[in-house]
Peer 1: 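What follows is a single structure, and I will ask about it in a moment.
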Amino acid sequence: MNDFTDNMESNKHKNSSSIPSPGAGGITLFDKIWEKHVVKTIDDGPSVLYIDKHLIHEVTSPQAFTGLNKRGIQVFRPKQVVATADHNVPTLNQHLPIKEELGRKQVEALIKNCAEHGIELYGLGHPFQGIVHVIGPELGITRPGMTIVCGDSHTSTHGAFGSIAFGIGTSEVEMVMATQCLLQSKPKLMRITVDGTLNKGVVSKDIVLYILSKISASGATGYAVEFAGSAIRSLSMEARMTICNMSIEMGGRCGLIAPDETTFNYIKGREFAPKGADWDRESASWEKLYSDADAVFDKEYHFNAEDIQPMITYGTNPGMGIGVNENIPTTETIHETDRSGLAKSLAYMGLREGTPIKGQKIDYVFIGSCTNSRIEDLRMVASFVKGKKKDDSVEVWVVPGSKQVEAQAIKEGIDKVFEEAGFQLRQPGCSACLGMNEDKIPAGKYCISTSNRNFEGRQGAGARTLLASPLTAAAAAITGKVSDIRELLQHNN
Amino acid sequence: MSKPLSIVKSRFIPVNIENIDTDQIIPARFLKATTKEGFGKNLFRDWRYENDDETKPKADFPLNQARYSGEILVAGKNFGCGSSREHAAWSILDYGFRVVVSSFFADIFKNNALNNGVLPVQVSDGFLQKIFARDAESELTVDLARQTITINASGESESFDINSYKKTCLLNGYDDIDFLLSIKPEIETFETERG
C-alpha cells in the first residue's frame with residue numbers, strides 16, 4: 001500500500017484558498033459548499049470530499065457492509081449515518097413478516113448490520129420509517145450547506161435545501177462508511193432559471209418535466225444544476241424537492257436551490273433540526289448560501305413559467321414529455337437526442353407518432369415515490385378528488401412517502417376522501433416506482449405515475465409508464481384516460 | 001482490490017441502442033442479492049429473453065447471437081443513465097466484459113464501472129459508428145497506458161480521456177477505499193479543524 005499512497009499524496013495542501021468557478025468574480029452556491037468539504041485534492045485527479053450525512057437503505061448497502069466486515073473495520077462515523085427500509089418493502093400488511101424471501105433477507109441484513117455498527121435505523125414499524133428522500137427532509141436531517149449522499153440516484157432531492165446531495169454506488173457507500181469521505185471530481189456548473197407565474201393546474205412536476213423535454217435526459221450530464229428564478233423561488237419546499245429530485249433524470253450530478261425563508265421555516269422545529277443557540281448559529285451560516293450576482297456558470301438556460309402546460313411523457317425516458325394537449329412528436333419534430341430511439345420507444349409504449357396523447361386509456365394510477373408522495377402531494381390530489389369517484393376501469397394506488405405523511409393524511413381525513421373515491425391508500429415505501437416489491441404494473445398496461453422514470457420495464461416487465469404531476473394523475477384516475485386537469489378544474493368551479 | 005487492467009485485445013459485442021438505462025442493464029427485481037456475484041446471467045434480462053423465460057432467447061439481441069463474443073461491450077450514447085445501482089457494473093463484469101465503449105456515459109455508472117475494474121471508454125460519435133460498422137470477427141485493442149482504442153483491421157485509432165488517478169488505480173487494481181483508508185489521519189484532522 002505504501003507505493004500507492006506515495007503516488008497519490010502528491011498534493012497535501014487544502015484547496016480552500018482557490019476559487020474554482022469559471023471566470024473571475026463571484027462564487028456559486030455549489031462552490032461555496034464544495035470548498036468547505038474538500039479535505040485535499042489529488043493532482044490531475046479527484047478531490048477527497050467530506051460527507052456530512054449518509055443515508056442508507058436495504059438494497060444498496062448489504063455488499064458495502066460485507067466489504068467492511070471483510071476488512072475487519074467498523075463504520076467510521078455511525079452518528080452521521082441514518083438508515084431506513086424502503087425500496088423493497090411491501091405496502092400492505094407491514095406489521096406481518098415480509099413474505100418474499102429475498103426482500104426479507106435484505107431487510108434482515110440491514111437490521112443486523114445497523115445493530116453491529118451502531119447506526120440508527122428507522123425500519124418497518126418505526127414511526128419515522130419511509131422513503132429515504134422523504135424522511136431526511138421531514139426529520140430535519142437534511143439542512144443547507146451539507147454534503148449528503150445515499151446509494152440511490154434520487155439523493156439529488158435533498159439539494160432543494162441548498163446542499164450538495166448526490167447518489168452513489170455501493171463501492172462508494174462502503175468508502176463513506178469506512179472514512180466519511182469520497183473521491184469526487186468537481187462537476188461543471190449549470191444554472192436553470194425559470195421566471196414568471198405558473199398557469200392554473202401547472203405544478204412543480206410540470207416544471208421539471210418541461211425542462212427535461214427541452215434539454216433531454218442527458219442534457220445536464222456532467223453538471224451540478226442550480227435552479228433559480230422567481231417561479232422556483234415561489235415554490236414550497238416540497239415542490240422544490242420534486243424539481244431537484246428529477247435533476248438526475250437530466251443526467252445532473254446533483255440539483256440545488258439556494259435556501260431562503262421558505263427553507264428556514266420548513267426546517268425549524270423538526271425532530272433533528274438544531275434548537276436554541278444552535279439554531280441561531282447554524283441558520284445564520286445558511287444566509288450566506290447563494291450564488292453571488294456575478295458568479296459565472298458553464299452553461300445557463302432560461303425558461304418562462306407561462307410557457308409551461310400540464311405535462312405528460314409518451315416515451316421511455318423522462319425527456320420524452322409533451323404538454324397534455326400536444327401531439328406525440330414525429331421523427332421530424334422530436335428533439336434530436338431522442339430521434340433514433342423514437343420508433344423503439346413508441347413500439348414499446350403502443351403509441352403512434354403524431355397522434356394526441358389526450359384521451360389515451362389508462363389502467364393504473366400510481367401516486368407516490370420520492371418525487372411526489374409528500375403531504376402536499378396527497379393534499380393536492382385529495383382537494384381535486386373530494387366528492388368524485390374513480391373510473392371503474394382504473395386501479396388507483398396512493399403510497400405515502402413516510403409513516404409521518406401517512407399519519408398526517410389520516411389526521412386530515414385525506415384517507416376518507418381516497419376511500420370514497422375508490423383509491424387505495426397503502427403503506428410507505430418506494431412501491432410501484434421501481435416494482436421491487438409486489439406492486440408491479442402488468443405487462444402491456446398503461447400506468448400514469450407521479451414517479452420519476454418511464455424506462456422500459458421500470459414498473460414491471462412490459463409495463464407502460466406515463467409520468468405526470470399528482471394533479472394530472474388524479475385527473476386520469478377520475479376519467480380513466482389522459483385528461484387536461486384544467487378542463488376538470490373548470491368544472492369544479 | 002479489483003483485477004488490474006492494462007491492454008484488452010478482443011472482439012466486441014455491439015448493442016447499438018442509445019440511452020441504455022440501468023433498468024435495462026439489470027432490472028430492479030434482480031437487485032435482491034446481498035453479494036456482488038452472479039448478476040451476469042441477468043444482464044439485459046428483458047432484452048435477452050421472451051417473457052422472462054431463459055429457454056426463449058430473443059434471436060435478434062446481440063448477446064444471444066453466437067457470432068458475437070469478447071470482453072468489450074459497445075453501446076449507443078448516454079450509456080448507464082438512471083439509477084445508481086452498482087449492480088449494473090457488477091452484471092457487466094460478471095458477464096465477462098472489462099471495457100464498455102460508448103460516445104457518452106452517465107456519471108454514476110462511469111464511477112461504478114471504474115470502482116469495479118471495468119473501463120468506460122468514451123469515443124467520438126464518428127468513431128463509435130465506425131466500430132458498429134465492423135463485422136463480428138473484428139477485434140479492438142484498448143490500451144489503457146496509452147489511452148487509445150484501435151480497430152485492429154483498419155488501424156483506425158482514437159484516444160480517450162481518463163484522469164491519471166483513476167488510470168493508476170485501474171492499471172494496478174487499486175481501490176479508492178484503500179487510498180481513503182490510508183489518509184484517515186488527515187480526515188480526522190479535517191474534522192477537528194472544521195469544528
Side-chain angles (χ1 to χ4, degrees), chain A residues 1 4-5 7-9 36 39-40 42-46 48 50 59-60 62-63 66-67 73 76 87-88 102-103 105-106 109 151-153 167-172 174-175 178-183 185 187 217-218 221-222 251 253 317 338 340-341 344 434-436 453 455-458 461, chain B residues 17-19 21-24 27-29 31-36 45-47 51-52 76-78 81-90 104-109 111-113 115-116 163-166 168-169 172 174-184 186-187 189-191 193-194:
Chain A
M1 272 326 297
F4 179 47
T5 51
N7 279 345
M8 298 308 170
E9 286 196 85
K36 276 198 155 47
V39 176
K40 65 186 285 182
I42 299 165
D43 278 343
D44 190 28
V48 177
Y50 190 82
V59 173
T60 57
Q63 294 89 348
T66 304
I73 53 178
F76 181 47
H87 274 63
N88 71 27
L102 292 172
K105 278 187 175 161
Q106 277 189 331
D152 185 276
S153 59
I168 56 176
T170 298
S171 295
E172 294 171 313
E174 186 180 340
M175 290 170 210
T179 67
Q180 207 57 37
C181 285
L182 275 178
L183 283 159
S185 299
S218 56
T221 303
R253 195 79 183 92
N317 76 55
D338 291 316
S340 72
K344 184 176 189 295
L434 80 167
M436 271 200 80
R453 287 186 178 138
F455 297 151
E456 284 185 31
R458 171 78 178 180
Chain B
I17 298 171
E18 294 179 354
N19 296 311
D21 58 75
T22 52
D23 278 85
Q24 308 318 315
R29 62 185 186 279
L31 308 188
K32 291 179 182 173
T34 49
T35 62
K36 296 182 182 183
R45 177 80 188 197
D46 292 334
W47 285 350
N51 303 322
D52 205 14
K77 73 175 174 217
N78 198 26
C81 55
S83 143
S84 64
R85 62 188 68 161
E86 194 160 314
H87 313 67
W90 298 335
F104 200 70
F105 288 96
D107 279 341
I108 304 179
F109 174 80
N111 277 344
N112 287 342
N115 284 331
N116 287 281
N163 75 51
S164 62
Y165 165 80
K166 275 295 175 193
T168 307
C169 287
N172 297 289
Y174 297 150
D175 294 338
D176 282 1
I177 193 162
D178 298 325
F179 172 69
L180 287 170
L181 285 168
S182 75
I183 62 159
K184 223 164 168 182
E186 285 176 75
I187 296 169
T189 305
F190 175 86
E191 286 180 320
E193 283 175 359
R194 78 200 288 255

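Letters go in sequence order (proteins before strands), and every chain restarts at 1. Remember, predicted model here, so these are calculated numbers, not experimental data.
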Peer 1: With respect to chain B, which residue among P46(A), G151(A), G457(A), A461(A) yields the maximal number of heavy-atom pairs within a distance under 4.5 Å?
Peer 2: P46(A)
Peer 1: Going from CG on D107(B) to OG on S185(A), what distance comes out if it is rounded to the nearest 0.5 angstrom?
Peer 2: 9.5 Å
Peer 1: Non-hydrogen atoms of chain B under 4.5 Å away: do they reach the side chain of I168(A), the backbone, both or neither?
Peer 2: backbone
Peer 1: Is N116(B) in contact with chain A via its backbone, its side chain, both, or neither, using a 4.5 Å heavy-atom distance?
Peer 2: side chain
Peer 1: Please flag which part of I73(A) lies under 4.5 Å from any non-hydrogen atom of chain B: side chain, backbone, both or neither.
Peer 2: side chain
Peer 1: So which of A33(B), S84(B), P27(B) has the biggest tally of heavy-atom pairs under 4.5 Å with chain A?
Peer 2: S84(B)
Peer 1: State, yes or no, whether a side-chain contact exists between E191(B) and F76(A) at a heavy-atom distance under 4.5 Å.
Peer 2: yes
Peer 1: State the CG-CG distance between N317(A) and D23(B), to the nearest 0.5 angstrom.
Peer 2: 12.5 Å
Peer 1: Side chain from CB out, backbone as N, CA, C, O: work out which of these in D46(B) comes under 4.5 Å of a heavy atom of chain A, or both, or neither.
Peer 2: side chain
Peer 1: Name the region of F105(B), side chain, backbone, both or neither, that has any atom closer than 4.5 Å to a heavy atom of chain A.
Peer 2: backbone
Peer 1: Is chain A contacted by the side chain of R194(B), its backbone, both, or neither, given a heavy-atom distance below 4.5 Å?
Peer 2: side chain
Peer 1: In Å, rounded to the nearest 0.5 Å, how long is the span from OG1 of T22(B) to CZ of R453(A)?
Peer 2: 6.0 Å
Peer 1: Of all heavy-atom pairs between T170(A) and E86(B), which one has the smallest distance, and what is that distance?
Peer 2: N-OE1, 2.7 Å
Peer 1: Report yes if the side chains of N88(A) and L31(B) come closer than 4.5 Å at any heavy-atom pair, otherwise no.
Peer 2: no
Peer 1: Please check this pair: side chain of K32(B) against backbone of M436(A), looking for a donor-acceptor N/O pair closer than 3.5 Å.
Peer 2: yes
Peer 1: Look at L181(B), N51(B), N19(B) and state which one has the largest set of heavy-atom pairs under 4.5 Å with chain A.
Peer 2: L181(B)
Peer 1: Checking K184(B) against chain A: side chain, backbone, both or neither under 4.5 Å from a heavy atom?
Peer 2: side chain
Peer 1: State, with a plain yes or no, whether a side-chain heavy atom of I42(A) is found less than 4.5 Å away from one of F179(B).
Peer 2: yes
Peer 1: Drop me the distance from R85(B)'s CZ to D152(A)'s CG, to the nearest 0.5 angstrom.
Peer 2: 9.5 Å
Peer 1: To the nearest 0.5 Å, tell me how far I177(B) CD1 sits from E174(A) CD.
Peer 2: 3.5 Å
Peer 1: Might you point out which heavy atoms bring T179(A) and I187(B) nearest each other, and give the distance in Å?
Peer 2: O-CG2, 3.6 Å
Peer 1: Answer with side chain, backbone, both or neither: which region of V48(A) has an atom nearer than 4.5 Å to a non-hydrogen atom of chain B?
Peer 2: side chain
Peer 1: Restricting to non-hydrogen atoms, name the atom on N163(B) and the atom on D44(A) that form the minimum distance, rounded to 0.1 Å.
Peer 2: CB-O, 3.5 Å
Peer 1: Quick one: which of G167(A), G67(A), S153(A) has the most heavy-atom pairs under 4.5 Å with chain B, could you say?
Peer 2: S153(A)
Peer 1: Taking E456(A)'s backbone N and O only, do any of them form a donor-acceptor pair with Q24(B)'s side chain (distance below 3.5 Å, no angle check)?
Peer 2: yes
Peer 1: Taking C-beta and beyond as the side chain, do S171(A) and D175(B) meet within less than 4.5 Å on heavy atoms?
Peer 2: no
Peer 1: Looking only at heavy atoms, what is the nearest atom pair of R458(A) and S83(B), with distance?
Peer 2: NH1-CB, 4.5 Å
Peer 1: So which of A178(A), G251(A), G341(A) has the biggest tally of heavy-atom pairs under 4.5 Å with chain B?
Peer 2: A178(A)
Peer 1: Where the side chain of E186(B) meets the backbone of V39(A), is there a donor-acceptor pair that is under 3.5 Å apart?
Peer 2: no
Peer 1: What closest approach, in Å, do N115(B) and E172(A) show between heavy atoms, and which atom pair accounts for it?
Peer 2: ND2-CG, 3.6 Å
Peer 1: Report yes if some heavy atom in the side chain of K344(A) is under 4.5 Å from a heavy atom in the side chain of E18(B); otherwise report no.
Peer 2: no
Peer 1: Tell me the closest heavy-atom pair linking T66(A) and T34(B), and the distance in Å.
Peer 2: OG1-O, 4.1 Å
Peer 1: Are the side chains of I108(B) and R253(A) in touch, meaning some heavy atoms are under 4.5 Å apart?
Peer 2: yes
Peer 1: Indicate yes or no for a side-chain donor-acceptor contact from S218(A) to the backbone of N78(B) under 3.5 Å, with no hydrogens or angles considered.
Peer 2: no
